[in-house]
Amino acid sequence: MSKPLSNKLALVTGSSRGIGAAVAARLAADGASVIITYAAGRERAEAVVNEIRAAGGEAEAVGADLGDPKGIATLIAAVDGAFSGKFNGRLDILVNNAGTVEYGPFLETSDQSYDNHFNLNVRAPMALAKDAGRRMAKTGWGRIINISSAFGEAAPLPGVTLYIATKFALSGFTKGLSRELGPMGITVNGVQPGPIDTELSPNPGTPEYDAMVKLTSVGRFGKVKEIAAAVAYLAHPDASYTNGENLTVDGGWNA
Ligand SMILES: NC(=O)c1ccc[n+]([C@@H]2O[C@H](COP(=O)([O-])OP(=O)(O)OC[C@H]3O[C@@H](n4cnc5c(N)ncnc54)[C@H](OP(=O)(O)O)[C@@H]3O)[C@@H](O)[C@H]2O)c1
């Protein structure tokens with residue numbers, strides 16, 4: 001039986017672990033051929049590729065530091081040759097997921113921390129969306145999905161001000177770009193996760209973790225598969241009338 005994303009090429013940034021790995025596995029299960037990306041975690045990226053292949057899916061991994069324009073160029077070049085050139089430079093689904101956060105008071109932040117946040121969380125998704133949009137415009141079909149954050153629409157905690165600024169930027173970018181690409185058959189949407197159990201989040205049992213649990217109404221951190229399910233909806237051909245939407249999946253955090 002044909003799957004909803006059969007014969008589609010998907011690129012999921014930051015998919016060696018965490019939310020990205022779950023998104024990649026889900027899109028592959030839905031039939032897409034998936035490019036996995038990593039910065040330093042090559043072995044973990046290869047493990048994700050192997051798991052997808054073992055489940056009958058198609059995946060391959062590319063290493064690229066997306067905080068650096070050279071890494072962005074490397075990844076864009078890899079799309080052309082993906083899966084031995086089978087897709088002829090086509091790209092159907094882009095999930096901008098790689099992101100970073102550094103905790104601490106804004107008054108003590110460094111210029112380096114500013115660059116770390118904005119280069120990876122904002123510049124890279126914009127550069128990759130520009131390249132992807134040009135590819136998708138040629139076929140008249142595409143899905144660009146930006147993984148923002150519940151911090152992309154509200155600021156319920158101190159100590160993450162730079163991160164919040166980048167996620168507001170990314171959620172705003174989603175809306176602006178949707179206006180430009182919607183007429184081309186390309187939807188641009190975002191997912192705004194609340195606290196999800198990954199290495200980016202505080203460790204269970206810490207005061208920070210407990211404070212975040214209290215801000216949800218369901219009383220727990222979310223699971224990566226709960227974010228992957230939202231991405232799968234937005235990537236699905238049936239989601240063709242959903243455009244410019246930032247879908248908040250946060251256990252009630254921002255209600
Ligand atoms: N976890 C949450 O509670 C939560 C909540 C809201 C939003 N989000 C957002 O969801 C996305 C994924 O978060 P996560 O929790 O899954 O993060 P994670 O577990 O820390 O994984 C981060 C991923 O990004 C990659 N990465 C890190 N720095 C990179 C760089 N400079 N260039 C390219 N790739 C890089 C990592 O690759 P390596 O393995 O090679 O380091 C890894 O694959 C982020 O955009 C985050 O802001 C997360």
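Counting convention: from 1, in listed order, for ligands and their atoms alike.
Of the N or O atoms in G20, none lie within a sub-3.5 Å distance of an N or O in ligand 1. Distances between N or O atoms of T37 and those of ligand 1 include no value under 3.5 Å. Considering both main-chain and side-chain atoms, K167 comes within under 3.5 Å of ligand 1 through a nitrogen or oxygen pair. No N or O atom of A150 sits closer than 3.5 Å to an N or O atom of ligand 1. Taking any N or O of I19, backbone or side chain, at least one lies under 3.5 Å from an N or O belonging to ligand 1. At a 3.5 angstrom cut-off on N or O pairs, Y163 counts as close to ligand 1. Between P195 and ligand 1, a contact under 3.5 Å exists for no N or O pair.
Between the side chains of N116 and E102, a donor-acceptor pair is found at a separation under 3.5 Å.
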Would N246 and E153 count as a side chain to side chain donor-acceptor pair (under 3.5 Å) if you check the C-alpha gap in whole Å, the side-chain angles of each, and the deciding distance to 0.1 Å?
-> CA-CA 9 Å; N246 284 306; E153 64 177 11; over 6 Å; no
Given salt bridge (Lys or Arg N to Asp or Glu O under 4.0 Å), test E60 with K86 step by step and report yes or no.
-> CA-CA 13 Å; E60 60 186 33; K86 173 175 152 184; over 6 Å; no
Let me see the working for N146 and T174 under side chain to side chain donor-acceptor pair (under 3.5 Å), right down to the final yes or no.
-> CA-CA 7 Å; N146 296 319; T174 294; 2.8 Å; yes
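Across D250, T100, L120, heavy-atom proximity to atom 28 (N) of ligand 1 is greatest for L120. The heavy atom nearest to atom 18 (P) of ligand 1, out of those in R17, Q192, M212, is found in R17. Of the options N121, T166, N97, T198, the smallest heavy-atom separation from atom 44 (C) of ligand 1 is shown by N97.
Going from atom CG of N189 over to atom NZ of K175 covers 9.0 Å, rounded to the nearest 0.5 Å. Expressed to the nearest 0.5 Å, how far OG1 of T100 lies from NE2 of H117 amounts to 6.0 Å.
For the ligand labelled ligand 1, residue G194 lies inside the 4.0 Å heavy-atom shell. At a 4.0 Å cut-off, not a single heavy atom of R44 sits close enough to ligand 1 to count as contact. Residue contacts with ligand 1: F151 is excluded, as none of its non-hydrogen atoms falls under 4.0 Å.
Closest to atom 35 (C) of ligand 1 among all protein heavy atoms lies A39 CB, 3.7 Å. Among protein heavy atoms, atom 13 (O) of ligand 1 sits closest to L200 CD2, 3.7 Å. In this structure, the protein non-hydrogen atom closest to atom 7 (C) of ligand 1 is S148 O, 3.2 Å. Nearest non-hydrogen protein atom to atom 32 (N) of ligand 1 is L66 N, 2.8 Å. At the top of the distance list for atom 42 (C) of ligand 1, counting protein heavy atoms only, stands S16 OG, 3.6 Å. Distance from atom 6 (C) of ligand 1 to its nearest protein heavy atom, with residue and atom name: P193 O, 3.2 Å.
For D210 and K214, the salt-bridge test fails: no basic side-chain N is under 4.0 Å from an acidic carboxylate O. Between E58 and K3, none of the side-chain N atoms (NZ, or NE/NH1/NH2) sits under 4.0 Å from a carboxylate O, so this pair counts as no salt bridge. The pair R123-D115 does not meet the salt-bridge criterion, since no charged nitrogen lies less than 4.0 angstrom from a carboxylate oxygen.
Between the T216 side chain and the G252 main chain, no donor and acceptor come within less than 3.5 Å of each other. Looking at D30, its side chain never comes within 3.5 Å of a backbone N or O of L5 through a donor-acceptor pair. Not one N or O on the side chain of E108 forms a donor-acceptor pair closer than 3.5 Å with the backbone of P105.
Contact atoms of ligand 1 toward G41: 38 (P), 39 (O), 40 (O) (distance under 4.0 Å to a heavy atom of the residue). Counting atoms of ligand 1 from 1 in the listed order, those under 4.0 Å from a heavy atom of G99 are 44 (C), 45 (O). Counting atoms of ligand 1 from 1 in the listed order, those under 4.0 Å from a heavy atom of I196 are 1 (N), 2 (C), 3 (O). Close approach to Y38 involves these atoms of ligand 1, each under 4.0 Å from a residue heavy atom: 40 (O). For ligand 1, the atoms lying closer than 4.0 Å to a non-hydrogen atom of I147 are 9 (C), 10 (O), 11 (C), 45 (O). The distance from ligand 1 to the heavy atoms of D65 drops below 4.0 Å at these ligand atoms: 30 (C), 31 (N), 32 (N). The contact set between ligand 1 and G14, taken as ligand atoms under 4.0 Å from a residue heavy atom, comprises 23 (C), 24 (O), 25 (C), 42 (C), 43 (O). For ligand 1, the atoms closer than 4.0 angstrom to any heavy atom of S201 are 1 (N), 2 (C), 3 (O).
At a 4.0 Å heavy-atom cut-off, ligand 1 touches A64 through the backbone alone. Contacts of S15 with ligand 1, taken as heavy-atom pairs under 4.0 Å, involve the backbone alone.
Between N121 and the options V101, T166, L170, a side chain to side chain contact (heavy atoms under 4.5 Å, CB included) holds for only T166.
By the 6.0 Å contact criterion, OH on Y103 is enclosed, its count of non-hydrogen atoms from other residues, nucleotides or ligands being greater than 12.
Here the side chains of L247 and T242 are not in contact, with every heavy-atom distance at 4.5 Å or above. Taking 4.5 Å as the limit, every side-chain heavy atom of T206 sits out of range of all side-chain heavy atoms of M212.
Below 30°, between 30° and 60°, or above 60°: for F151 and W253 the angle between ring planes is above 60°, a perpendicular geometry.
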